[in-house]
Amino acid sequence: MTIPAPFISSIMEVEKDWIDYNGHLNMAYYNVLFDRCSDEAFEIMGMGPDYARDRKLTIYTAEVHLCYVRELHLADKVTVTFQLIDHDEKRIRAYQEIHHVDGWLAATSETLSLHIDMSGPKVAAFPEDIMAKVDAMRAAHGGLPVPERAGRSIGIKRKAV
């Protein structure tokens, strides 16, 4: 199986109930778009709904850093990218971008996800078959440059006095 680098989601449309009183996509729904793309990418790695149901293992989000770049509006169509930029035996660090179908960047997100044994729940190592798929996606994405916005922190830059 060929793994796209980066993975690109199916086309998604901004929904009416997601629009806030400012007339644009409410900040919370950017996360919904990122999450839907992540679900598609995790499915490729064998960690979709069947994985949770049948094996009682899943993915939880531990940390997210989101940057809003440009407003989205009702009925805008977007795709979301997923780039696996690092992982170990229990964690996945991913970088994502929401792009309007016209090509412009709307938002970015960097996420740290944990592999979870739902019987705890507790953080657990990926099973061998899943780790092989995570390794394969990381290898496919390994040739991509590290995104400029990855690893950012929040702060207020001050001029030296």
Derivation and outcome, side-chain contact (heavy atoms from CB on, under 4.5 Å), residues H65 and I154: CA-CA 9 Å; H65 186 126; I154 296 174; 3.6 Å; yes
Stepwise side-chain hydrogen bond (donor to acceptor under 3.5 Å, both in side chains) test for T108 and Q96: CA-CA 6 Å; T108 67; Q96 296 180 270; over 6 Å; no
Derivation and outcome, side-chain contact (heavy atoms from CB on, under 4.5 Å), residues I59 and I116: CA-CA 6 Å; I59 291 290; I116 300 294; over 6 Å; no
Verdict with supporting geometry, T81 and Q83, side-chain contact (heavy atoms from CB on, under 4.5 Å): CA-CA 7 Å; T81 62; Q83 179 180 347; over 6 Å; no
Test log, rule salt bridge (Lys or Arg N to Asp or Glu O under 4.0 Å), inputs R93 and E110: CA-CA 7 Å; R93 180 179 166 212; E110 187 173 0; 2.5 Å; yes
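Dense packing is recorded around CE of M118, with more than 12 heavy atoms of other residues, nucleotides or ligands lying under 6.0 Å away.
Atom CZ of R36 and atom CG of N31 lie 12.0 Å apart (nearest 0.5 Å). Once rounded to the nearest 0.5 Å, the distance linking CD of E43 with OH of Y51 reads 12.0 Å. Within the model, atoms OH of Y95 and CZ of F34 stand 8.0 Å from one another, a figure rounded to the nearest 0.5 Å. Taking CG of D76 as the reference point, atom CG of L25 lies at 8.5 Å (rounded to 0.5 Å). Distance CH2/W104 to CZ/R70: 4.5 Å, rounded to 0.5 Å. Taken to the nearest 0.5 Å, the CG atom of D135 stands 11.5 Å off from the CD1 atom of I130.
The shortest side-chain heavy-atom distance between I98 and L72 falls under the 4.5 Å cut-off. Within the 4.5 Å cutoff, the side chain of N26 has no heavy atoms near those of the I19 side chain. Between L112 and I92 the shortest side-chain heavy-atom distance does not fall below 4.5 Å. Between S38 and T111, the closest side-chain pair of non-hydrogen atoms is not below 4.5 Å. Put simply, the side chain of M47 reaches to within 4.5 Å of the side chain of F126, judged on heavy atoms. In this structure the side chain of I11 reaches within 4.5 angstrom of the side chain of V101, judged on heavy atoms.
Across all non-hydrogen atoms, the minimal contact from L74 to E15 is CD1-C, 3.8 Å. Minimum heavy-atom separation, D20 to N22: OD1-N, 2.9 Å. Between L105 and E97, the closest heavy-atom pair is CD1-CB, 3.7 Å. Between Y68 and A107, the closest heavy-atom pair is CA-CB, 4.4 Å.
E40 and S10 form a side-chain donor-acceptor contact under 3.5 Å, judged by distance and modelled atom types alone. For E71 and H73, the side-chain atoms include at least one donor-acceptor pair closer than 3.5 Å.
Linking Ile, Leu, Val, Met, Phe, Trp and Tyr residues whenever their side-chain heavy atoms come within less than 4.5 Å leaves V32 and F7 in two separate clusters. Under the 4.5 Å side-chain heavy-atom criterion for grouping Ile, Leu, Val, Met, Phe, Trp and Tyr, I85 is not connected to V134 through any hydrophobic cluster. L114 and M45 fall into different hydrophobic clusters, where Ile, Leu, Val, Met, Phe, Trp and Tyr side chains are chained together by heavy-atom contacts under 4.5 Å. Under the 4.5 Å side-chain heavy-atom criterion for grouping Ile, Leu, Val, Met, Phe, Trp and Tyr, L84 is not connected to L66 through any hydrophobic cluster.
Judged by distance alone, with hydrogens and angles left aside, the side-chain atoms of K56 form a donor-acceptor pair with the main-chain N or O of R53 at under 3.5 Å. The closest donor-acceptor contact from the side chain of H141 to the backbone of A136 lies at 3.5 Å or more, if one exists at all. Under the 3.5 Å distance criterion, the side-chain polar atoms of S9 are matched with a main-chain donor or acceptor of V80. Side-chain atoms of H115 come within 3.5 Å of backbone N or O of A124 as a donor-acceptor pair. Within the 3.5 Å criterion, the main-chain N or O of C67 finds no donor-acceptor partner in the side chain of Y30.
Only one option out of D129, D117, D50 pairs with R55 in a salt bridge (Lys or Arg N to Asp or Glu O under 4.0 Å); it is D129.
Look at R91 and D88 and you find a salt bridge, because one of the NZ, NE, NH1 or NH2 atoms lies within 4.0 Å of a carboxylate O, short of that distance.
Between F42 and F82, a ring centre-to-centre spacing shorter than 6.0 Å is recorded.
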